[in-house]
There are 2 protein chains.
Amino acid sequence: MVPRRKNKVTPPPNTCPLRECLGIIGGAWTPGIIWYLGHSPRTFSELKGDLKGVSAKVLSTRLKKLAVDGVVLRTVKPTSPPTVEYSLTDLGCELKPAIEAIVAVGHRLKDRRAGRVE
Amino acid sequence: MVPRRKNKVTPPPNTCPLRECLGIIGGAWTPGIIWYLGHSPRTFSELKGDLKGVSAKVLSTRLKKLAVDGVVLRTVKPTSPPTVEYSLTDLGCELKPAIEAIVAVGHRLKDRRAGRVE
DNA sequence: CCGTATCCCCGCTGATACTG
DNA sequence: CAGTATCAGCGGGGATACGG
């Protein structure tokens with residue numbers, strides 16, 4: 001089986017910390033996760049209920065990655081049945097201002113777009 | 001040829017302005033474009049030279065989208081041969097603080113990661 | 001010089017079903 | 001409840017070739 005083309009998957013152009021951060025908040029649901037976790041710790045199911053429409057796989061994947069990156073903390077509570085609680089770490093809280101800045105510009109963008117179409 | 005599965009391509013979960021903005025700065029090269037344009041207006045070739053490795057297609061696509069969104073301004077200068085100059089609009093300048101916020105957190109992320117592996 | 005068109009690959013995400 | 005496994009689809013992005 002010979003690959004017909006090299007197309008070397010393209011070298012990643014990102015050497016800056018920006019990509020590092022976008023890899024975290026760039027996920028489709030990650031901002032929502034940070035947002036809800038920023039209010040109070042939540043369990044897996046609660047999160048899944050808040051983020052209506054998210055699949056368990058994606059939520060699980062995101063949560064795992066965020067935990068590895070030190071953004072969220074995973075705490076297993078010894079209840080019956082065992083519940084798992086997720087919360088924001090200090091580092092995770094630092095993400096909030098960045099997200100808010102993005103949201104703020106997002107509003108500007110929507111306003112501009114709304115003004116143009118009208 | 002009957003499609004064996006619908007898999008309705010999944011409804012977009014994004015109704016928030018956050019996605020709106022991420023659609024702009026989320027591009028692989030967009031932050032760099034904003035960054036360089038924030039220093040001074042640049043031509044297509046200059047931009048392509050600054051962002052080493054970017055393909056013309058992607059740069060063109062991004063620039064076009066950014067122009068539509070009102071983030072960059074495309075100015076054709078009646079020289080010979082005609083040169084095209086790109087610059088940041090007011091709205092584009094508002095993107096800079098958001099990007100800086102992201103970069104700031106990105107540094108924290110890298111530090112944390114470096115500390116963990118060590 | 002300034003792009004656009006075509007082809008291709010990969011990663012993210014969703015749907016569903018299954019395990020502890 | 002809290003996930004994991006498998007299958008599949010879309011879109012972003014790179015390479016190259018071509019048009020204005």
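Here is the naming used below: chain letters follow the sequence lines, and residue numbers restart at 1 for every chain. Source: prediction; values computed, not measured.
As a whole-Å value, the separation of A/Lys48 NZ from D/dG3 C1' is 11 Å. Atom CG of A/Leu59 is separated from atom P of D/dT4 by 11 Å (rounded to the nearest Å). If you take CD1 of A/Ile25 and P of C/dC12, they are 15 Å apart, rounded to a whole angstrom. Regarding A/Lys52, its NZ atom lies at a distance of 20 Å from the C1' atom of C/dT13, rounded to whole Å. Atom CZ of B/Arg19 is separated from atom C1' of D/dG12 by 13 Å (rounded to the nearest Å). Computed from coordinates, the A/Glu46 CD to D/dG3 C1' distance equals 16 Å when rounded to whole Å. Rounded to whole angstrom, the span from the CD1 atom of A/Ile24 across to the P atom of C/dC12 amounts to 13 Å. In this entry the distance linking NZ of A/Lys65 with P of D/dG3 reads 18 Å, nearest Å.
What you find for B/Leu63 and B/Tyr86 is that their closest heavy atoms are CG-CE2, 3.6 Å. In terms of heavy atoms, B/Leu109 sits closest to A/Asp69 at CD1-O, 4.5 Å. Of all the heavy atoms in B/Leu18 and A/Pro31, the pair that sits closest is CD1-CB, 3.4 Å. Nearest heavy-atom pair across B/Leu22 and A/Ile25 is CD1-O, 3.7 Å.
For residues 73-83 of chain B, the set of pairs meeting the salt bridge (charged side-chain N to carboxylate O under 4.0 Å, His left out) definition, not counting sequence neighbours, comprises B/Lys77-B/Glu85.
Residues A/Ile33 and A/Leu73 do not share a hydrophobic cluster, defined by chaining ILVMFWY side chains whose heavy atoms lie under 4.5 Å apart.
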For nucleotides 18-20 of chain C, tabulate all protein N/O to nucleotide N/O atom pairs closer than 3.5 Å, reporting atom names and distance.
none

Grab the N/O contacts between the protein and nucleotides 3-5 of chain C below 3.5 Å, and write none if there aren't any.
from: C/dG3; atom 1: OP1; to: B/Arg74; atom 2: NE; distance (Å): 3.3
from: C/dG3; atom 1: OP1; to: B/Arg74; atom 2: NH2; distance (Å): 2.5
from: C/dG3; atom 1: OP1; to: B/Tyr86; atom 2: OH; distance (Å): 3.3
from: C/dG3; atom 1: OP2; to: B/Tyr86; atom 2: OH; distance (Å): 2.7
from: C/dT4; atom 1: OP1; to: B/Lys64; atom 2: NZ; distance (Å): 3.4
from: C/dT4; atom 1: OP2; to: B/Ser60; atom 2: OG; distance (Å): 2.0

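Looking at residues two or more places apart in sequence or on another chain, you find no salt bridge (charged side-chain N to carboxylate O under 4.0 Å, His left out) involving B/Arg62. For A/Thr43, the side chain to side chain contact (heavy atoms under 4.5 Å, CB included) partners two or more places apart in sequence, or in a different chain, are A/Ser45, A/Glu46.
Contact between the side-chain N/O atoms of A/Ser55 and the OP1/OP2 oxygens of C/dT13 is not found at any separation under 4.0 Å. Contact annotation: A/Arg62 does not reach the phosphate of C/dC12 (side-chain N/O to OP1 or OP2, under 4.0 Å). Phosphate proximity of D/dC1 to A/Ser45: present, with a side-chain N or O under 4.0 Å from OP1 or OP2.
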Could you pull out every donor-acceptor pair under 3.5 Å between side chains of residues 87-96 of chain A and any protein atom, sequence neighbours left out?
from: A/Thr89; atom 1: OG1; to: A/Gly70; atom 2: O; distance (Å): 2.6
from: A/Thr89; atom 1: OG1; to: A/Val71; atom 2: O; distance (Å): 3.0
from: A/Thr89; atom 1: OG1; to: A/Leu91; atom 2: N; distance (Å): 3.4
from: A/Thr89; atom 1: OG1; to: A/Gly92; atom 2: N; distance (Å): 3.1
from: A/Glu94; atom 1: OE1; to: B/Arg108; atom 2: NE; distance (Å): 3.2
from: A/Glu94; atom 1: OE2; to: B/Arg108; atom 2: NH1; distance (Å): 3.4

